[in-house]
Number of protein chains: 2
Amino acid sequence: MQEDDYLHHLAFDSVVFGFSGEKLKILVLEYHNTNLFALPGGFVRQDENLNDAVRRGLKERTGLDNIYLEQFYTFGDVARYKPEVMERIIRANEIPDQDLSWLLKRFVSVAYYALINFDDVVPVPDALSDSCAWYEVDRLPPLMLDHTEIVEKALETLRDNIGRKLVGGNLLPARFTMKELQHVYEAILGEKLHRGTFQRKMLSTGVLKRHEKQYSGAANKAPFLYSFE
Amino acid sequence: MQEDDYLHHLAFDSVVFGFSGEKLKILVLEYHNTNLFALPGGFVRQDENLNDAVRRGLKERTGLDNIYLEQFYTFGDVARYKPEVMERIIRANEIPDQDLSWLLKRFVSVAYYALINFDDVVPVPDALSDSCAWYEVDRLPPLMLDHTEIVEKALETLRDNIGRKLVGGNLLPARFTMKELQHVYEAILGEKLHRGTFQRKMLSTGVLKRHEKQYSGAANKAPFLYSFE
DNA sequence: TAGGTATTGTCTCAATTTGCGACAATAATA
DNA sequence: TATTATTGTCGCAAATTGAGACAATACCTA
């Protein structure tokens, strides 16, 4: 991580959404020996597109390549500049000799959210962090800097978008039941939806393809599996 | 414009919308002796919030203070880095001796759109530019760098938002007729709307306050004036 | 002063969409 | 074979939307 490899003053943060156990979750990492929790983020190389930098960062954390990704806001308040936080992280990690002063400068951060299939991912921490793990969005640990605000805004944007873009399916496996899809919508919107109405609306979009039934072994009618397209 | 006054690698651009003669227009400036057209933009001071920097820039160009402003996207492709363009602008302006090399570096730009009342503004160019003037959005001159793309995305976002937020009124004087408001919506959406339906929907929001009638002198029923709130 | 005209505010009616419950079909189990 | 939980779909009322129609109005003309 040489000084001149990266654009100064510019960072990105990712809110990575997954869905499991009927709950919406995001990836949060914890830095070594600091008790600091943060969103996975990173910096942009001199010769790298901003969007590509974010995908690179997500690849490192999730192993995934073709992630559904959306930029939603750029956070640029002076108040988010707290060099002592960055210093604490650097200290706790005993990083070998190099010029890290650029990391102590003020950063403006471009925030993205990603939607991924929970089961596809084994979260991977990096050299600076202890862990990278899933947390329910309504049971997050206190996040450093303005990262809680970033999550809040990501959720707002996701809620706004789910009605307009057919985006919910990105949180599920390729094939899913209508009930699973409904649970995703309910977790995002934070409210119960009427089953019949939901099914009717989803089918009317025409983008769902119906496949074979899923026999779960339960004593009831088996649901169809669906996929997008 | 000293080197260390501003954050390196970070800029902003504003798409300033106004409405006049039934047309949606934006502010475009032209640099001295270069034939280069650009969106009004600027840089962020070391101790300045990003949002405040944009307001400062708008104040300089429009003289206005309380502008409706929305951040909509951050453009960060490497391809938008074209130092020869910046060099051309600097050369054409014969700027006194100082270190301008930071201006030739790569920039990531945070884009905002603003909605203002056309009549409130007399566009003001700055030291680097010939003119700052209104252009119809569908008759823009070729803009430098990726500024045409930025305008395109601003329009998309504005169209998306006009249905959800009651934003159209920001392009009009404090008091306006229903017809004027409808024309604003039509210009943004690019389609004709049904008069009765439009009036019904607007009134049903409850945010319009009805004032006295406007007697224009024309031989027909005089319309009411409305304002928001 | 009476009639003409363009525009406005509102209404009506049909078409469409939505909310909500109900029913038959189904996949096990007892 | 009866039971049970769940699914796919339907029906109906309520709400929303699209489009035309009509009376009221402001001013002009004759």
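In what follows, every chain begins at residue 1, and chains take the letters A, B, ... in the order their sequences are listed.
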Identify which nucleotide among [options] has an atom closest to any side-chain atom of [X], counting heavy atoms from C-beta outward.
X	options	answer
A/Tyr215	D/dT6, C/dA28, D/dA26	C/dA28
A/Lys213	C/dG9, C/dT7, C/dA27	C/dA27
A/Arg210	D/dA26, D/dT9, C/dT10	D/dT9
A/Ala219	D/dT4, C/dT8, D/dG8	D/dT4
A/Arg200	C/dG9, D/dT6, C/dT18	C/dT18
A/Asn220	C/dT7, D/dT6, C/dG9	D/dT6

Can you measure [X] atom [atom1] to [N] atom [atom2] for me and round it to whole angstrom units?
X	N	atom1	atom2	result
A/His194	D/dT9	NE2	C1'	12 Å
A/Gln182	D/dT6	CD	C1'	13 Å
B/Met178	D/dT25	CE	P	18 Å
A/Glu212	D/dG8	CD	C1'	17 Å
B/Lys192	D/dA19	NZ	C1'	16 Å
A/Met202	C/dT18	CE	C1'	14 Å
A/Gln199	D/dT6	CD	C1'	12 Å
A/Leu181	D/dT7	CG	P	13 Å

Distance-only donor-acceptor test, A/Arg195 side-chain atoms vs D/dG8 base atoms, 3.5 Å:
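By the distance-only test, yes, there is a pair.
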Check: C/dT7 base within 3.5 Å donor-acceptor of B/Lys221 side chain
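No, the side chain and the base share no sub-3.5 Å donor-acceptor pair.
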Does the gap between the ring centers of B/Phe176 and B/Phe228 come in under 6.0 Å?
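Yes, the ring of B/Phe176 comes within the 6.0 Å limit of the ring of B/Phe228, centre to centre.
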Taking the six-membered ring for Trp, are the ring centroids of B/Phe19 and B/Phe17 within less than 6.0 Å of each other?
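Here the rings of B/Phe17 and B/Phe19 have centres that are no less than 6.0 Å from each other.
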Would you say the side chain of A/Gln214 lies within less than 4.5 Å of the side chain of A/Thr177, judging by non-hydrogen atoms?
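Contact flag for A/Thr177/A/Gln214 side chains = yes.
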What distance do B/Ile188 atom CD1 and B/Arg159 atom CZ have between them, rounded to the nearest 0.5 Å?
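Result: 9.0 Å between the selected atoms.
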Please confirm whether the backbone N or O of A/Gly76 pairs with a side-chain atom of A/Arg106, one donor and one acceptor, at under 3.5 Å?
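A pair under 3.5 Å: yes.
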What's A/Leu193 touching, base or sugar-phosphate or nothing? Going by heavy atoms closer than 4.0 Å.
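A/Leu193: no heavy atom of the nucleic acid under 4.0 Å.
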Please state whether the phosphate of D/dT16, meaning OP1 or OP2, lies under 4.0 angstrom from any side-chain nitrogen or oxygen of B/Lys201.
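False: B/Lys201 side-chain N/O out of range (4.0 Å or more) of D/dT16 OP1/OP2.
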